[in-house]
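The residues of the chain are indexed from 1 along the displayed sequence. Reckoned from all heavy atoms, side chains included, excluding hydrogens, waters and symmetry mates.
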Amino acid sequence: MNDKKIPHTESELIVIFKQDNIHEKFYPKFLGYYKVCFDELYNDMKNYEDDDFEEGDSIKKSALWCTNHFIKPYLELIEKGHGEEWAHELARSTEDGERAIYFTHSELESINPDLAKKELQILCKSLGGDEYFEKHYLYLFEVLDDVEGRIEKARFYSNSYKEQIALGKSEVYADKFADYKADGGFHEIYCEEYAFAYDKAITENKNIEYAREYAEKYGSALVDIKRRFGISDDEESIDFAIEKVNAYMNAWEYDEEHQLKDFKRFAEIYENIHLNTYYADGGMPDGSTEEIDNRILIKTLELFNK
């Protein structure tokens, strides 16, 4: 066989590993990796003649280079506390940085979700992240956030969360504000109003679905007003916008219970009657809020069912 196509012997490889101060317990792993590399390269170059190789090059030299390229990151990951499965996948990844982490996690998660999560927790500690960093970093994998920038977002979330707590905000508020602020795609006013509304809904014992819907509507309505130069302190516009959100949520709750066929039409009718009632020229009608809202619902259903 052509000398350039002959692999290193096991003894030769072990001598090389010893020279590199690699612990003998890893020899089987790296010998196996070398064999895989050599076999793949040989399959691509089996028909090469001597002249087809660059000067000083050979299949075994390339296989050894690939193996060494794998060994260093593998050992570094093991030293950081990672398991062999994670270290193997990440060390052999053809991707870089956070993309390599993403694909390694995806591969391991498809086989063992609990182990994949554990490995992310180990990674968080090696990155110097605190409990808030870890919480948000794991969350970004759960919601399939953009592959790039997760580490930066988790750091930003951690800092922002702690700042809000220091300002006296609730944990719920701090979590939602920091989450949306760390995303980078939302105006700060929206983050503030979303967090306020979400916290308010949870405090009033509303369910998560209600809290999300209410916070999104509330945040969108308030940011549209407050970010406009010159009328950010227009209390009348703000109050009216909030009342529109309240009307929508009343309609939303009714739809959640009754599953209407045309919710959009129902909500439009309800909102119109609600605002004309709450902002009637003659002032609010007599009765409690519950009584007034009940009359609004009755009128809405009469028009909706016609």
Side-chain angles (χ1 to χ4, degrees), residues 1-129 133-134 137-138 141 147-148 150-152 154:
M1 179 184 285
N2 187 318
D3 288 344
K4 294 183 179 293
K5 300 178 186 178
I6 299 175
H8 289 89
T9 65
E10 183 174 310
S11 298
E12 289 174 330
L13 290 171
I14 289 176
V15 169
I16 293 171
F17 295 157
K18 284 182 178 179
Q19 291 173 343
D20 291 336
N21 296 315
I22 295 172
H23 196 286
E24 62 183 19
K25 70 179 180 180
F26 296 114
Y27 290 176
K29 163 71 71 175
F30 300 148
L31 288 169
Y33 194 80
Y34 173 90
K35 184 177 186 310
V36 170
C37 293
F38 185 91
D39 288 347
E40 289 180 354
L41 290 166
Y42 180 81
N43 188 58
D44 292 338
M45 305 180 192
K46 59 187 176 183
N47 295 321
Y48 277 28
E49 300 294 337
D50 276 354
D51 293 342
D52 294 325
F53 289 93
E54 297 287 340
E55 184 177 352
D57 198 9
S58 65
I59 296 178
K60 70 178 182 180
K61 183 177 181 180
S62 296
L64 182 60
W65 183 91
C66 292
T67 303
N68 286 330
H69 192 69
F70 169 81
I71 288 174
K72 183 179 179 180
Y74 179 90
L75 292 176
E76 289 175 349
L77 290 164
I78 292 295
E79 288 175 4
K80 290 177 180 178
H82 288 287
E84 291 187 11
E85 295 92 338
W86 178 272
H88 181 90
E89 288 300 321
L90 190 55
R92 67 187 288 272
S93 177
T94 57
E95 301 287 349
D96 294 318
E98 293 192 72
R99 291 185 62 81
I101 293 171
Y102 169 79
F103 287 111
T104 297
H105 174 265
S106 296
E107 180 68 24
L108 188 55
E109 186 180 43
S110 66
I111 302 169
N112 190 333
D114 290 338
L115 182 58
K117 181 178 180 180
K118 179 182 177 182
E119 293 292 351
L120 285 182
Q121 291 171 325
I122 294 170
L123 175 62
C124 286
K125 290 178 175 56
S126 70
L127 292 170
F133 172 94
E134 179 180 310
Y137 190 64
L138 267 61
F141 279 84
V147 173
E148 303 286 358
R150 294 182 180 188
I151 295 173
E152 182 182 354

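Considering every non-hydrogen atom in both Leu108 and Ala116, the closest pair reads CD2-CA, 3.9 Å. Minimum heavy-atom separation, Arg92 to Phe70: N-CD1, 3.9 Å. Across Lys5 and Phe38, no two heavy atoms sit closer than the pair O-CZ, 3.1 Å. What you find for Glu148 and Arg99 is that their closest heavy atoms are OE2-CG, 3.0 Å. Here the closest non-hydrogen pair linking Ala91 and Pro73 is CB-CG, 4.0 Å. The shortest heavy-atom contact between Gly81 and Ile122 is O-CD1, 3.4 Å.
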Review point. Do Lys125 and Glu134 pass the side-chain contact (heavy atoms from CB on, under 4.5 Å) test, and can you show the C-alpha distance, the side-chain angles, and the key distance before you say yes or no?
Key: CA-CA 8 Å; Lys125 290 178 175 56; Glu134 179 180 310; 3.5 Å; yes
Review point. Does the ring-ring contact (aromatic ring centres under 6.0 Å, His included) test come out yes or no for Tyr34 and Phe30, once each step is laid out?
Key: CA-CA 6 Å; Tyr34 173 90; Phe30 300 148; over 10 Å; no
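Using a 4.5 Å heavy-atom threshold, the side chains of Cys124 and Leu138 count as touching. Glu109 has its side chain out of reach of Phe141: every pair of non-hydrogen atoms, C-beta onward, lies at least 4.5 Å apart. Side-chain atoms of Glu119 and Thr104, non-hydrogen and from C-beta on, never get closer than 4.5 Å to each other. Considering only heavy atoms from C-beta on, Glu85 stays 4.5 Å or farther from Glu107 through its side chain. With a 4.5 Å cut-off on side-chain heavy atoms, His82 and Leu123 count as touching.
Between the NE2 atom in His88 and the OH atom in Tyr33 there is a gap of 6.5 Å [rounded to 0.5 Å]. Atom CD of residue Glu89 and atom NE2 of residue His105 lie 13.0 Å apart, to the nearest 0.5 angstrom. Distance check, rounded to the nearest 0.5 Å: CD of Glu79 to CG of Leu75 gives 6.5 Å. Between Lys60 atom NZ and Glu12 atom CD the span is 5.5 Å, to the nearest 0.5 Å. Atom NZ in Lys29 sits 4.5 Å away from atom OH in Tyr74 (nearest 0.5 Å). Note: Ile59 CD1 to Cys37 SG = 12.5 Å, rounded to the nearest 0.5 Å.
Counting heavy atoms of neighbouring residues, nucleotides and ligands inside a 6.0 Å radius, atom CD of Gln121 exceeds 12 of them. For Glu10, the CD atom counts as loosely surrounded, since its 6.0 Å shell holds 12 or fewer non-hydrogen atoms of other residues, nucleotides or ligands.
With respect to Lys35 and Asp39, a salt bridge is recorded, a charged nitrogen being found less than 4.0 Å from a carboxylate O.
For the pairing with Phe26, the side chain to side chain contact (heavy atoms under 4.5 Å, CB included) check across Ile71, Leu31, Ile78 returns one residue only, Ile78.
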